[in-house]
Amino acid sequence: MKKIEAIIREDKLNDVKDALYKVGIIGMNVVEVRGHGRDGGIELVGRTGTYRIDLLPKIQINIVLSDHNVQRTVDTICEAAHTGSTGDGIIFVYPVDDVVRIRTGERGQSALQYPNDIDVRKTKA
Amino acid sequence: MKKIEAIIREDKLNDVKDALYKVGIIGMNVVEVRGHGRDGGIELVGRTGTYRIDLLPKIQINIVLSDHNVQRTVDTICEAAHTGSTGDGIIFVYPVDDVVRIRTGERGQSALQYPNDIDVRKTKA
Amino acid sequence: MKKIEAIIREDKLNDVKDALYKVGIIGMNVVEVRGHGRDGGIELVGRTGTYRIDLLPKIQINIVLSDHNVQRTVDTICEAAHTGSTGDGIIFVYPVDDVVRIRTGERGQSALQYPNDIDVRKTKA
Amino acid sequence: MQNEINTGDTAWILVSTALVLLMTPALAFFYGGMVRKKNILSTLNLSFVMMALISVQWVLFGYSIAFGPSIGGLLGGPSYLGFNGVGTAPNADYAATIPHMAFAAYQMMFAVITPALISGAFVERVRFKAYVIFSLLWATLVYDPVAHWVWGVGGILRNMGALDFAGGAVVHITAGFSALAFALAIRKRRGYGNGGVFEPHNIPFTVLGAGLLWAGWFGFNGGSALGANGLAVTALVNTNSAAAAAGLVWMLLSWRDNKPSVLGIVTGAVVGLVAITPAAGFVTPLSALIIGALASPVSYYAIKLRQKVGLDESLDVMACHGTGGTFGALATGIFATKMVNEAGADGLLYGNPAQFVTQLLSVVIVAVFSFVVTFALAKLLNRTIGIAVSEREEEVGLDISEHGERAYA
Amino acid sequence: MQNEINTGDTAWILVSTALVLLMTPALAFFYGGMVRKKNILSTLNLSFVMMALISVQWVLFGYSIAFGPSIGGLLGGPSYLGFNGVGTAPNADYAATIPHMAFAAYQMMFAVITPALISGAFVERVRFKAYVIFSLLWATLVYDPVAHWVWGVGGILRNMGALDFAGGAVVHITAGFSALAFALAIRKRRGYGNGGVFEPHNIPFTVLGAGLLWAGWFGFNGGSALGANGLAVTALVNTNSAAAAAGLVWMLLSWRDNKPSVLGIVTGAVVGLVAITPAAGFVTPLSALIIGALASPVSYYAIKLRQKVGLDESLDVMACHGTGGTFGALATGIFATKMVNEAGADGLLYGNPAQFVTQLLSVVIVAVFSFVVTFALAKLLNRTIGIAVSEREEEVGLDISEHGERAYA
Amino acid sequence: MQNEINTGDTAWILVSTALVLLMTPALAFFYGGMVRKKNILSTLNLSFVMMALISVQWVLFGYSIAFGPSIGGLLGGPSYLGFNGVGTAPNADYAATIPHMAFAAYQMMFAVITPALISGAFVERVRFKAYVIFSLLWATLVYDPVAHWVWGVGGILRNMGALDFAGGAVVHITAGFSALAFALAIRKRRGYGNGGVFEPHNIPFTVLGAGLLWAGWFGFNGGSALGANGLAVTALVNTNSAAAAAGLVWMLLSWRDNKPSVLGIVTGAVVGLVAITPAAGFVTPLSALIIGALASPVSYYAIKLRQKVGLDESLDVMACHGTGGTFGALATGIFATKMVNEAGADGLLYGNPAQFVTQLLSVVIVAVFSFVVTFALAKLLNRTIGIAVSEREEEVGLDISEHGERAYA
Ligand SMILES: Nc1ncnc2c1ncn2[C@@H]1O[C@H](COP(=O)(O)OP(=O)(O)O)[C@@H](O)[C@H]1O
Ligand SMILES: Nc1ncnc2c1ncn2[C@@H]1O[C@H](COP(=O)(O)OP(=O)(O)O)[C@@H](O)[C@H]1O
Ligand SMILES: Nc1ncnc2c1ncn2[C@@H]1O[C@H](COP(=O)(O)OP(=O)(O)O)[C@@H](O)[C@H]1O
């Protein structure tokens with residue numbers, strides 16, 4: 001199992017979420033972060049003149065999923081989150097040792113399955 | 001060493017925190033996230049009628065700990081955070097390579113110990 | 001590649017950020033968390049008397065970087081974030097499997113490079 | 001001599017002027033709480049900037065268009081340009097016991113808030129520059145003339161006998177129908193009616209706005225008596241009663257459909273305030289309770305209809321002010337009684353159905369005029385400079401894209 | 001003829017009505033800042049909805065119970081049901097220079113805010129439906145009768161000679177002791193006194209509320225002179241002086257114990273405003289400074305005591321309003337002087353200890369009555385529909401569980 | 001008899017007192033929105049606590065210093081200590097138609113807000129204890145004497161013929177130059193001019209504050225007519241006009257440099273209000289528009305200059321109040337005309353250049369005096385108890401380090 005951490009633009013959240021639902025990625029959580037990368041920050045207007053903010057608001061989406069879903073998910077995010085200008089964000093993939101679903105006590109792979117998600121569909125097929 | 005990431009209901013934070021203190025888990029940090037899983041979101045009332053929010057507020061608790069504490073900690077969280085209805089949350093376990101305590105410069109295992117925590121008690125015993 | 005997660009005091013963010021820029025660490029993101037460790041919380045004043053808050057606001061800085069930058073980065077953070085009193089925070093290091101830059105599609109190491117960062121400078125040298 | 005200044009009347013009009021002024025920032029927060037975080041400054045400003053823009057317009061020429069000596073009942077003449085001739089002696093045509101300039105100042109605050117009301121129709125996507133030009137033109141071409149028709153000595157609707165105590169037509173019907181027209185001319189917000197979630201970002205701000213609006217409305221309606229007299233008191237009590245009844249009924253409506261919504265209660269109160277505006281000085285407190293109680297379902301279902309139709313008239317200015325104002329103007333034709341105000345008229349219930357017809361006619365005239373002019377203005381501006389920001393700018397939020405600012409750090 | 005309307009007096013009472021109205025949303029924010037984020041809308045609404053509910057009750061029958069022609073000094077008769085007979089001519093019994101309806105409207109705002117004050121006792125867990133029913137009954141069974149006793153012509157406490165300038169007993173003692181009674185009848189918040197942390201979620205809101213309350217109180221106390229006269233001015237100055245002194249002293253108390261708390265300073269100011277309420281028109285400014293300065297420690301230690309006892313009277317309505325109002329009522333019996341107000345009486349310090357006894361007696365009567373009726377009502381409602389939400393609903397927060405809304409997005 | 005109380009005048013002054021009082025919490029939010037989250041309570045309190053501290057000072061001795069019978073034109077004598085002799089009969093020297101105590105109360109609110117204005121100079125680092133002592137001394141040594149010079153019968157600047165309708169010199173010039181002096185005496189905020197980012201944490205609060213300030217200013221300037229008369233109306237209209245024009249011009253300035261800033265628009269409005277303060281009762285509405293329009297660039301470039309110089313006068317009290325007040329005082333010498341106010345004088349434009357010189361002289365005297373005394377006080381306090389918190393305390397934020405509180409949870 002892997003964890004995907006995608007740092008995207010704030011206003012791309014809905015697009016990415018919808019795109020993920022479409023390919024069957026349902027479980028996720030979202031955090032508001034402020035980030036800095038090649039993007040140099042923004043100028044804001046004050047009473048007179050401007051000042052620079054170098055940590056910009058971003059959205060971080062965390063998704064834990066099976067290894068074989070990683071590629072498709074990364075591609076989906078990349079596509080939905082892409083604008084082509086600086087500040088589009090970055091995706092990280094980490095190893096995961098274990099998963100436990102609190103309500104059911106399910107562990108590992110099966111804890112990650114949802115009625116309509118990729119894995120379940122595959123199993124049915 | 002492992003990292004536990006538990007996504008729980010907002011209002012279970014106090015219960016989980018207390019339960020963890022009781023079994024000697026003291027170091028942790030907490031983030032407000034918004035998540036989506038099997039839980040389908042909630043309807044909120046507007047001026048007239050309702051609208052649906054599909055990312056619900058959740059609390060994510062992060063704990064880094066020694067391998068042999070993982071099981072007990074996961075169990076403790078599961079128990080304290082359980083209500084049985086959809087939206088109870090999920091726990092992830094990740095590998096950790098290293099830990100450094102900023103104040104003391106301690107590294108690895110020993111950086112994770114607190115006066116009354118499980119490991120210290122064990123060592124004393 | 002590794003991920004560094006540094007939990008520091010809120011008011012040390014600027015110092016740490018500046019110190020990191022100086023050694024060429026540019027990509028990062030920052031989350032507001034509330035943590036508990038050896039630090040026992042603070043007393044706040046109410047209408048009369050005080051009450052205790054045991055989860056204190058902290059800043060978590062996330063940085064993904066190449067293996068050979070980990071040591072220097074950890075040292076830099078430790079130095080900039082250190083005050084010597086309880087609550088200074090802690091640094092965790094995790095393994096990372098992959099990185100994808102959304103704008104460019106770059107993967108792995110190269111996705112982590114910035115015009116003036118350590119790796120680039122090294123390459124030039 | 002009757003034309004001496006009465007200090008008590010003057011004190012009350014000065015205070016009412018301050019109360020009505022305060023309604024514009026109050027509206028800013030009422031609206032601001034309902035938009036998303038990224039557009040809060042933009043939304044606040046759409047109201048706030050009217051205090052600057054229309055105040056200047058009013059002093060320079062707006063007042064003269066509205067209240068200058070009538071030219072054929074359609075427009076005021078240029079006598080009062082630059083507040084020239086608007087002195088501290090009373091103008092007996094309008095208010096015999098207070099300085100003329102007090103009347104002019106009090107009326108100014110109505111001119112200021114009306115275009116601000118319209119802004120609810122197009123928040124979160126309007127181009128600021130277009131809004132500034134639009135509201136200046138709108139004040140001049142719609143508000144000032146309509147004020148003249150309804151309130152100006154010699155004004156056509158006044159001559160017709162239409163009753164409008166404090167601006168049901170002049171303020172709320174013009175604003176509501178203009179909002180509708182503008183919403184039809186401007187594109188929807190991205191994702192509207194298409195999965196987008198437009199969650200209010202700070203409902204406490206809306207509650208704050210509603211609380212201040214309620215208090216300010218005592219000046220809006222009570223001050224329209226133009227003196228500290230029995231009529232002012234009646235208007236104030238009616239105002240409060242209608243707001244209260246409407247708030248309660250909206251609570252019950254939302255409760256029946258779901259849960260008693262706080263946003264609903266405060267919205268209901270505002271709708272009650274709107275509906276009683278034309279009637280406040282003509283009806284009894286019990287009639288005011290009824291008017292308030294009935295205004296809520298009217299607006300409630302108007303919102304539902306608007307949503308069903310899929311029109312992004314974002315903060316329901318038409319449903320709350322247009323419909324509420326229309327309902328109130330008609331209700332005036334039903335509940336008005338000379339027992340409350342001799343200078344008024346009797347309505348349907350008091351044996352005078354003709355008044356109802358007069359009210360209906362005046363409503364239609366004002367509504368159609370406002371709608372048509374606004375629609376034309378909006379279309380024209382859209383062709384020339386564009387009335388909506390780009391989708392990309394909308395995504396980023398108007399605070400940053402239009403004003404270069406971030407509300408919260 | 002003496003019964004003509006005076007425009008200056010009328011203007012001031014109209015304004016005071018607006019100022020006191022504004023105190024209810026102000027209170028909403030004063031309280032709302034002190035609860036947790038998940039209960040902010042619920043808390044705001046507990047105040048706001050009173051503007052709707054009690055306004056209607058007052059017009060329909062509340063005013064008549066309170067100020068109708070006395071039936072045995074206990075209740076007002078039904079003469080004024082539906083504001084019938086409440087016209088624009090003065091009612092010389094109460095205020096000879098303003099329209100009767102202005103007096104009725106002004107008094108309405110006191111009736112509105114008083115149950116809102118009580119809501120501080122049970123925020124974050126009260127069932128909204130029970131609160132609506134409770135406050136309607138409470139206004140009818142407690143507030144209206146007590147107002148009659150103290151202020152109604154022929155009222156038993158008025159006849160006794162008890163002084164209550166602007167509602168120390170009618171508003172603050174009833175609210176405070178009712179809050180105590182209700183808090184004893186309702187369960188605590190989860191975790192209260194048991195590790196739970198109830199951190200105020202937005203202290204700036206509380207400061208905003210306090211600022212608006214301070215200004216509104218000028219209408220509350222100043223308006224109680226029922227005219228724009230020397231007495232009104234005295235009341236206003238006393239009000240300001242007591243608030244100032246109490247704010248300063250609370251600051252020093254919290255400083256001595258710890259640090260100068262901002263929440264403490266604003267709380268102190270409100271306590272000073274409460275304490276001066278019964279005395280405002282009877283004492284000198286220097287006495288007002290003393291009353292304010294002493295009120296703070298009284299309430300300060302009352303809160304500490306309440307906390308020690310472990311009673312979850314959540315926002316300390318008893319300690320601030322009950323204790324503050326009681327202290328003020330007694331202080332009136334000490335500091336009152338006919339030099340300030342001939343219609344008043346001399347107090348202990350001016351050679352008339354009997355007044356102190358009268359004050360004490362009236363306080364006891366009002367406190368016991370309020371406590372008993374409220375306790376009975378709360379218990380009754382708890383048996384029937386339940387006055388607290390379930391623990392699960394409390395966990396989720398009342399905004400979502402009771403109103404289906406989220407305050408901030 | 002001319003010295004009878006006029007109820008209309010009294011009503012207006014009572015209301016104006018409430019409006020000016022409300023300006024202090026309004027200022028708290030205007031400032032509070034511009035600081036960082038960790039200092040919001042501290043900043044709010046720097047204003048709020050003045051309502052407590054200076055109110056007490058004023059009653060005890062401040063009023064007497066300012067308005068007691070003049071001692072050589074420099075100070076008022078002790079006749080009014082403890083509001084002794086400040087009764088409900090008019091004091092014809094100051095206001096012949098309202099109770100003397102109403103005048104004293106109204107003036108009190110000016111004394112309260114002025115030191116609060118200064119606090120913008122040193123927010124986010126001032127030691128609270130030092131601030132309390134400073135403001136008490138400042139009120140006594142700077143505000144009270146200057147008020148006497150300008151407004152006291154026999155005061156030296158009044159005798160000189162200097163015009164200051166509502167406090168351009170007494171309030172804004174003293175505050176502005178004192179802010180400058182204090183900023184020179186206190187250390188900068190950590191990181192100021194050195195990479196630190198001082199982003200306003202809640203601009204909506206600033207907009208709220210500005211809205212309330214605008215309304216309150218109607219009492220500030222309109223009330224300074226000391227009656228509900230034509231002069232009050234003129235002052236109110238001028239106030240509104242200047243604010244509007246200044247807001248618009250600031251918008252255009254920021255637009256030209258960048259984008260139309262919301263923070264800029266509201267700042268501009270406040271600057272317009274400041275600039276019209278000394279002139280409000282002496283000029284025509286068209287002159288008021290011009291004064292407002294010119295005040296904006298003056299303050300706008302004053303801020304730019306201040307930033308360039310690198311002085312951490314954090315919220316630009318000098319640029320907004322000092323410069324704005326000075327500009328307004330001089331503009332009074334240019335635009336004043338007896339046609340508006342016979343008790344006034346003609347200015348430069350109306351053929352009387354001498355008035356301009358008088359204004360200039362009075363500005364210089366007040367500015368220099370305020371600057372020197374404040375600088376000395378600040379330096380003295382810095383030597384003894386220290387006027388800034390430690391860098392570590394500043395890092396943590398003043399809410400926690402000075403008050404032990406956290407604003408938001
Ligand atoms: N090395 C890194 N570690 C952690 N987060 C990073 C790193 N590099 C970039 N980010 C995050 O990704 C966001 C976008 O990065 P940026 O370099 O601006 O993207 P782009 O490639 O589009 O210019 C940053 O704001 C930051 O939150
Ligand atoms: N695959 C996942 N990756 C990341 N977070 C997840 C994932 N699945 C669930 N979550 C988080 O866990 C929360 C609870 O999940 P949910 O499916 O609603 O629980 P339940 O099993 O009780 O229905 C979600 O709101 C989300 O924050
Ligand atoms: N085991 C842990 N897992 C996760 N976070 C931790 C852990 N221990 C400490 N932290 C985080 O680090 C912060 C500082 O830890 P603390 O023990 O107070 O530092 P110090 O060593 O300076 O006393 C805590 O507030 C918490 O956010």
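Each chain gets a letter, A, B and so on, in the order its sequence line appears, and its residues count up from 1. Everything numeric in this text was worked out from a predicted model, so none of it was measured.
Within the 4.5 Å cutoff, the side chain of A:Val99 has no heavy atoms near those of the A:Arg107 side chain. Within the 4.5 Å cutoff, the side chain of C:Ile4 has heavy atoms near those of the C:Val74 side chain.
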Kindly determine whether C:Asp15 and C:Lys12 satisfy salt bridge (charged side-chain N to carboxylate O under 4.0 Å, His left out), including the steps that lead there. CA-CA 5 Å; C:Asp15 295 350; C:Lys12 281 293 186 183; 3.6 Å; yes
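C:Ile7 contributes atom CD1, which lies 8.0 Å from atom CD1 of C:Ile90 (distance to the nearest 0.5 angstrom).
For A:Glu32, the part lying near chain C is the backbone, with the side chain staying farther off; criterion is any non-hydrogen pair under 4.5 Å. For A:Ser85, the part lying near chain C is the backbone, with the side chain staying farther off; criterion is any non-hydrogen pair under 4.5 Å. Only the side chain of C:Glu106 comes within less than 4.5 Å of a heavy atom in chain A; its backbone stays farther off. Neither the backbone nor the side chain of C:Ile61 comes within contact range of chain A; no heavy atoms are under 4.5 Å apart.
The residue among C:Val31, C:Thr104, C:Leu13 with the most heavy atom pairs within less than 4.5 Å of chain A is C:Val31. Looking only at heavy-atom pairs under 4.5 Å with chain C, the residue among A:Lys3, A:Gln71, A:Glu79 that has the most is A:Gln71. Contact tally against chain C (heavy-atom pairs below 4.5 Å) for A:Ala6, A:Ala81, A:Pro95: the top residue is A:Pro95.
Without hydrogens or angle criteria, C:Asn62 side chain to C:Glu5 main chain gives no donor-acceptor distance under 3.5 Å.
Between the side chains of A:Tyr94 and C:Asp98, no donor N or O sits under 3.5 Å from an acceptor N or O.
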